[in-house]
> 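Please find one structure pasted underneath; my questions will follow.
Side chains are part of it too, since the values below use all heavy atoms of this structure and drop only hydrogens, waters and symmetry mates. Note on naming: letters A, B, ... go to the chains in the order of the sequence lines (proteins, then strands), and numbering restarts at 1 for each one.
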Protein chains: 2
Amino acid sequence: MLYPTPIAKLIESYSKLPGIGIKTATRLAFYTIGMSDDDVNEFAKNLLSAKRELGYCSICGNLTDEEDCAICRDESRDPSTILVVEDSRDVSAMENIQEYHGRYHVLHGLISPMNGVGPDDINLKSLITRLMDHEVQEVIVATNATADGEATSMYISRVLKPAGIKVTRLARGLAVGADIEYADEVTLLRAIENRTEL
Amino acid sequence: MLYPTPIAKLIESYSKLPGIGIKTATRLAFYTIGMSDDDVNEFAKNLLSAKRELGYCSICGNLTDEEDCAICRDESRDPSTILVVEDSRDVSAMENIQEYHGRYHVLHGLISPMNGVGPDDINLKSLITRLMDHEVQEVIVATNATADGEATSMYISRVLKPAGIKVTRLARGLAVGADIEYADEVTLLRAIENRTEL
């Protein structure tokens, strides 16, 4: 049986979301019908306003609902350090630990030779512009520990080092709580190479 | 870091859905920002119209966007058989096999003594009204094979049998493709009791 049109359309909308198949979409659609009017109206409004009001910071590329993001506007943040991440969720993860007080730069992607994504396809040019304008002393590359993440960090280091800027990246090693027995070989290799004195 | 208000609100809306925690909600919200304007507008519209336009069939309780549902309006369906289900998704599952040509009755819940849900809390009264008005010969109880489903089917059979109506329920036994080795004891017991001749 086909469902009545309004719910069939809602199921279709839900199933366009990542990781949500037709069965989950159906469950969510039926749940939606049982939700309060207020919650559903709020949901629809939030969808539209997130899409309409959000944009990217003109300086660092972070997600913001104003011209510049809250971090770039914050005068107390150290302008001599820029931490480079793939997307705004990484900014949020770093901010959660409350230990980093410099600025950010959001790439919106990673260099991926396998997928034909080159340096010009991500938000990299504006990073180099920022380095010329400001007195940046260190760029910390905080891309994921994947092949594309490594390729991106290698590229950034090769471009920036000749300009005399210190380029660092996040430490590689055992995750806290990890079993040596189950750690992969590359991780173990990095953990030995980068061992620290007790 | 707190996200900008529009995305924080959208994350909150997503996380109200069942089975969606804060991490998945964040992923969905970021995905939404990357969706096309048309898709997001359509999604918001579908949310509102599903909530506004859908109601329950005045005869059987099935989900519909009209006064009576498509099945109750379909004159070719056999009015002498009513299949009783918990919710509209069960109607859809039965219709998918294209083998049942009678009518339905949707309970919107199951009798659940443990949770204090009695016969008056589900859509049961209207079933009894339907039986008085029409020439129904058989009521097939198709509730889930759970404790509440069993309680509901027992109750319906006890109420309807004295009125001379044939009450049946779906067969219990091994699911097609199931391993005997892994079948639970009650299922195996039912499968032996209800064995059929080859």
> Does anything in residues 102-119 of chain B reach chain A? List residues with heavy atoms under 4.5 Å apart, or say none.
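If one takes a 4.5 Å heavy-atom cut-off, no residue of residues 102-119 of chain B lies near chain A.
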> More than 12 foreign heavy atoms under 6.0 Å from CD1 of A:I97: is that the case here?
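Atom CD1 in A:I97 is packed in, count exceeds 12.
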> What do you reckon, is CD of A:E185 surrounded by more than 12 foreign heavy atoms closer than 6.0 Å?
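It does not: A:E185 CD has 12 such atoms or fewer within range.
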> Check A:P6 against B:S49 and note the closest heavy-atom contact, atom names and distance.
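Of all heavy-atom pairs spanning A:P6 and B:S49, the closest is CB-O, 4.1 Å.
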> Rounded to the nearest 0.5 Å, what separates atom CD in A:E53 from atom CD1 in B:I7?
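Answer rounded to 0.5 Å: 12.0 Å.
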> Working to the nearest 0.5 Å, report the span between OG1 of B:T64 and OH of A:Y3.
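These two atoms lie 13.5 Å from each other.
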> A:D37 versus chain B, heavy atoms under 4.5 Å apart: side chain, backbone, both or neither?
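Contact with chain B: backbone and side chain both.
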> Under 4.5 Å between side-chain heavy atoms, hopping through other hydrophobics if needed: is there a path connecting A:V40 to B:Y56?
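No.
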> Working to the nearest 0.5 Å, report the span between CZ of B:R52 and CG of A:N41.
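If we round to the nearest 0.5 Å, B:R52:CZ and A:N41:CG are 6.5 Å apart.
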> Apart from A:V176 itself, which Ile, Leu, Val, Met, Phe, Trp or Tyr residues share its cluster (side-chain heavy atoms under 4.5 Å, direct or through members)?
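Grouped by the 4.5 Å side-chain rule, A:V176 forms a cluster of one, so the answer is none.
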> Mind listing the closest non-hydrogen atom pair of A:P4 and B:L63 along with its distance?
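That would be CG-O, 3.5 Å.
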> With a strict 4.5 Å heavy-atom criterion, list every residue of residues 149-160 of chain A that contacts chain B, or say none.
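Within residues 149-160 of chain A, no residue comes under 4.5 Å of chain B, counting heavy atoms only.
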> Tell me the residues of residues 12-36 of chain B whose non-hydrogen atoms fall below 4.5 Å from those of chain A, in number order.
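Under the 4.5 Å heavy-atom cut-off, B:S13, B:Y14, B:K16, B:L17, B:P18, B:I20, B:T26, B:R27, B:L28, B:F30, B:Y31, B:T32, B:I33, B:G34, B:M35, B:S36 qualify.
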> Is there a side-chain contact between A:K9 and B:F43 (heavy atoms, below 4.5 Å)?
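The answer is no, as the side chains (C-beta and beyond) never meet within the 4.5 Å cut-off.
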> So among B:L54, B:L48, B:N46, which one has a side chain to side chain contact (heavy atoms under 4.5 Å, CB included) with A:L10?
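Among the candidates, only B:N46 passes.
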